[in-house]
Amino acid sequence: MPQTERNKRQAIIDHCLRMNSSGLNQGTSGNISIRHDDGLLISPTSTPYADLTPEKIAYVHMDGRVEGPIAPSSEWRFHRDVLASRDDVNAIVHAHPTYCTILAIHGREIPPIHYMVAIFGGPNIRVARYAIYGSQALSDHAVAALEDRQACLLDHHGSIAVGASIEQAFWRAEELEALARQYHGALLLGEPPLLTEQQIQDVIDKISGYGLTKTEVD
Ligand code: 13P
């Protein structure tokens, strides 16, 4: 296996482990993919992350053909469809983070409660409509909710964060959960005041070269 491919497979494993050790996710509820050749490398379905090896990472062609000793994540459709529809995306992190999921259960998108909402591309983070996990319908809803955005919530399910690199997608997944937690806390004091769309646009203009907001493609 070429070293670059092995590195991507190992990066999926490393970030799956980080996803759980950081408290972002639990069990095998999440899945991670990285664009590769004409398809994507993706964590296999229902496999404890501690048991993963580079060889167990699945490969899915854009036409849906699958390779690997274990079936790909049941969510391979939205990973594939987001990568197919977005040239700017090379990696995807899906998880069931507690605060993102609390908001998603209520169907509450995240409004501009904090300037960091801007790193997701606009004044809100949408909630994709509910459809059963692993379905084409869920994938269609996720692609729609991600239009012009770098993350979305999934109704009664969890979150998706995307990036030009796995580091960037993971950073966004963590920042999204922080925002969800802040919004949840702010709601405890009442309906919070919001930043304006112009204030978010000003941050988008200012922050584009900052840290992991930069495009990093390996
Ligand atoms: P997988 O174990 O198939 O990746 O599924 C977990 C999940 O999050 C379904 O939404």
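Remember, it's 1-based here, ligands and their atoms both numbered in the order they're listed.
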Chemist: What's the shortest distance from atom 5 (O) of ligand 1 to any protein heavy atom, and which residue and atom give it?
Modeler: Ser74 OG, 3.2 Å
Chemist: Considering non-hydrogen atoms of the protein only, which is the closest contact for atom 9 (C) of ligand 1, and what is the distance?
Modeler: Glu75 OE2, 3.3 Å
Chemist: Identify whether the distance between the nearest side-chain nitrogen and carboxylate oxygen of Glu167 and Arg18 falls below 4.0 Å.
Modeler: no
Chemist: Show which atoms of ligand 1 fall inside a sub-4.0 Å distance from at least one heavy-atom site of His157.
Modeler: 10 (O)
Chemist: To the nearest 0.1 Å, how far is atom 8 (O) of ligand 1 from its closest protein heavy atom, and which atom is that?
Modeler: Ser29 O, 2.3 Å
Chemist: Heavy-atom contacts with His96 under 4.0 Å: which atoms of ligand 1 show up? List them by number with element.
Modeler: 8 (O), 10 (O)
Chemist: Judged by atom type as modelled, is there a donor-acceptor pair below 3.5 Å linking the side chain of Ser43 to the main-chain atoms of Ile32?
Modeler: yes
Chemist: Closer than 4.0 Å to some heavy atom of Thr28 - which atoms of ligand 1 meet that?
Modeler: 2 (O), 6 (C)
Chemist: What residue and heavy atom of the protein are closest to atom 2 (O) of ligand 1, and at what distance?
Modeler: Ser46 N, 2.8 Å
Chemist: Could you tell me whether Arg181 and Glu177 have a side-chain N and a carboxylate O separated by less than 4.0 Å?
Modeler: no
Chemist: Heavy atom to atom 4 (O) of ligand 1, shortest distance: which of Pro48, Pro72, Ala71, Ser73 holds it?
Modeler: Ser73
Chemist: Does the ring centre of His106 sit less than 6.0 Å away from the ring centre of His184?
Modeler: no
Chemist: Can any side-chain N or O of Arg172 pair as donor or acceptor with the backbone N or O of Val162 at less than 3.5 Å?
Modeler: yes
Chemist: Just jot down the ligand 1 atoms closer than 4.0 angstrom to any heavy atom of Asn31, in number order.
Modeler: 1 (P), 4 (O), 5 (O), 6 (C), 7 (C), 8 (O)
Chemist: Side chains of Gln136 and Asp81: any donor to acceptor distance under 3.5 Å?
Modeler: yes
Chemist: Which pair of heavy atoms, one from Pro123 and one from Arg149, lies closest together, and at what distance?
Modeler: CD-NH2, 3.4 Å
Chemist: In ligand 1, which numbered atoms sit nearer than 4.0 Å to a non-hydrogen atom of His94?
Modeler: 8 (O), 10 (O)
Chemist: So do Leu153 and Glu109 actually touch side chain to side chain, heavy atoms under 4.5 Å?
Modeler: no
Chemist: Should Thr45 be counted as touching ligand 1, given the test is an N or O pair under 3.5 Å?
Modeler: yes
